[in-house]
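Note sheet for the following structure.
For reference, positions follow the sequence shown, starting with 1.
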Amino acid sequence: MSGNAETNVRIAPSALEALTRIMARHGTSRDATIRELLTEHVAAQEQRQPEDRITHISTVLRYPRPPRWRGDPRHDVPLRVRAPASLLQRARAVSLQLPGQHPRAHRDYQGRLLTDAVTTAIAQAEPFTDTFLTDLLPLLRHGAALGLWRLAVAATSTAPERALLEKAHAIRAGYRRTDTPLTPDQHHLLRVAEVLDEEEAWHAAMRFRIATVAARRYLTGPRAEAVEQALYEQGDAWHRLQRKSLQRDWEAGRSDGSTASRVTTGPAGAEQQCGVPSAESTLSTSRTGWSTVQRAILPPA
């Protein structure tokens with residue numbers, strides 16, 4: 001087919017097996033099948049609000065994970081994608097990008113936008129699983145994926161990040177009690193905390209491991225869909241869990257230095273985005289709680 005752009009993504013072997021089943025069912029080539037799946041996926045995503053768009057759990061868990069060192073074995077497989085450039089651009093625009101991820105960045109910070117689109121499109125047409133994905137809720141809304149990621153961020157925050165977020169919490173609580181106007185410095189600190197909490201984050205293998213711990217606790221079993229709703233809403237129960245995770249000080253026990261080496265990319269990185277102070281300091285509320293699953297996220301031993 002003429003007029004197609006060509007690129008490559010790397011997906012889980014189980015996703016490629018699912019794609020092969022779809023090809024056999026439709027009687028179409030791999031290229032044609034991918035184009036058809038992406039076209040349907042993008043059209044549906046564009047009709048949804050950003051927080052309601054669908055992603056695959058593997059995206060927020062960064063699975064399969066890239067090799068840590070050059071020469072280490074890979075656990076993903078390459079997949080060539082041939083499709084109109086406009087379709088690929090639209091697919092990337094409606095895919096999940098975690099705070100701190102960018103299209104061109106160090107590998108820990110690279111967004112996997114097209115991989116997310118292809119994997120999600122395949123999963124919606126032909127569910128797949130493997131030893132890692134077994135029992136996990138496979139598809140979730142972007143809002144829920146970000147709720148899960150923010151819990152992992154809270155559980156792995158550095159001491160400077162925790163200190164700044166605790167100050168912001170105290171300012172918000174004081175404002176709700178007294179309704180006293182905030183000072184410019186307080187406005188600025190709240191804006192930095194907002195960026196740190198929602199827009200910027202350091203990335204490392206540890207955070208994705210903690211996200212996996214959280215996913216296995218909250219997105220498996222009969223209550224997985226109910227918890228997905230709570231993660232999506234990020235209401236009162238979610239905020240209580242986030243604060244419990246934030247208050248756990250496990251950083252001092254780390255020996256690999258991966259967290260400590262990123263201290264300056266937390267509050268310092270957020271500061272760089274806050275040239276203009278903001279008064280946005282309110283937290284969302286939720287109609288749906290998750291009282292039976294309010295458990296803290298612990299790092300792996």
Side-chain angles (χ1 to χ4, degrees), residues 9 11 15 18 34 36-63 83 86-103 111-129 133 135-154 194-195 197-201 208 211-212 214-215 217-239 241-242 280 282-290 293:
V9 297
I11 62 175
I34 294 172
E36 179 181 353
L37 291 175
L38 277 180
T39 298
E40 294 176 358
H41 171 70
V42 169
Q45 292 281 77
E46 289 176 339
Q47 295 302 309
R48 301 181 177 113
Q49 294 297 316
E51 65 274 14
D52 293 325
R53 290 169 179 160
I54 306 300
T55 185
H56 193 264
I57 186 66
S58 62
T59 300
V60 69
L61 302 184
R62 198 172 179 82
Y63 170 78
S86 59
L87 176 61
L88 300 181
Q89 182 178 7
R90 290 165 60 207
R92 293 185 178 98
V94 296
S95 295
L96 178 68
Q97 180 167 297
L98 298 174
Q101 287 184 336
H102 304 278
R112 306 198 308 168
L113 301 178
L114 190 56
T115 300
D116 176 51
V118 171
T119 301
T120 305
I122 293 172
Q124 288 179 302
E126 178 71 18
F128 60 88
T129 189
L133 298 171
D135 296 331
L136 288 170
L137 189 68
L139 299 172
L140 55 160
R141 291 166 291 179
H142 284 196
L146 291 172
L148 179 70
W149 170 252
R150 290 178 65 197
L151 290 181
V153 167
E194 180 184 20
V195 170
D197 188 35
E198 300 181 11
E199 301 174 25
E200 277 299 325
F208 290 106
T212 300
R217 290 185 178 182
Y218 304 134
L219 295 176
T220 59
R223 287 189 53 82
E225 292 186 0
V227 176
E228 192 271 354
Q229 179 68 25
L231 289 169
Y232 172 85
E233 292 184 348
Q234 297 177 37
D236 292 342
W238 180 91
H239 280 289
L241 181 58
Q242 186 195 36
E280 297 174 7
T282 57
L283 296 175
S284 61
T285 58
S286 172
R287 298 185 303 276
T288 303
W290 49 350
V293 290

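Side-chain contact check for Gln89 and Arg92: no donor-acceptor pair (N or O, by modelled atom type) lies under 3.5 Å. Side chains of Gln229 and Glu225: no donor on one and acceptor on the other come within 3.5 Å.
One N or O on the side chain of Arg112 and one on the backbone of Tyr63 form a donor-acceptor pair closer than 3.5 Å. Between the side chain of Gln234 and the backbone N or O of His239, no donor-acceptor pair lies under 3.5 Å.
Contact record, Arg53 with Glu46: NH2-CA, 4.5 Å, taken as the closest heavy-atom pair. Of all heavy-atom pairs spanning Ala224 and Leu137, the tightest one is O-CD2, 4.1 Å. The heavy-atom pair separating Leu148 from Ala215 by the smallest distance is CD1-N, 3.9 Å.
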inquiry  = Would Trp238 and Leu151 count as a side-chain contact (heavy atoms from CB on, under 4.5 Å) here? Give the steps.
reply    = CA-CA 9 Å; Trp238 180 91; Leu151 290 181; 3.5 Å; yes

Exercise. Is there a side-chain contact (heavy atoms from CB on, under 4.5 Å) between Leu98 and Leu146 once you walk through the steps?
Worked result: CA-CA 7 Å; Leu98 298 174; Leu146 291 172; 4.1 Å; yes

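Note that CD of Gln101 is 7.5 Å distant from CG of Leu113, once rounded to the nearest 0.5 Å. Rounding to the nearest 0.5 Å gives a distance of 11.0 Å between CG of Leu87 and CD1 of Ile34. From His56, atom NE2 reaches atom OG1 of Thr115 across 12.5 Å, with rounding to the nearest 0.5 Å. Thr212 OG1 to Arg62 CZ: the interatomic distance, rounded to the nearest 0.5 Å, is 12.0 Å. In this structure, the separation between CG on Leu231 and CG on Leu241 is 8.5 Å, given to the nearest 0.5 Å. Rounded to the nearest 0.5 angstrom, His41 NE2 and Glu36 CD are separated by 14.5 Å.
The side chain to side chain contact (heavy atoms under 4.5 Å, CB included) test with Leu140 is passed by exactly one of Leu96, Thr59, Thr55: Thr55.
Ring orientation note: the planes of Phe208 and Trp149 are tilted relative to one another, at an angle of 30° to 60°.
Put simply, the side chain of Leu61 reaches to within 4.5 Å of the side chain of Leu136, judged on heavy atoms.
Using a 4.0 Å cut-off between a side-chain N of Lys or Arg and a carboxylate O of Asp or Glu, Glu51 and Arg141 do not qualify as a salt bridge.
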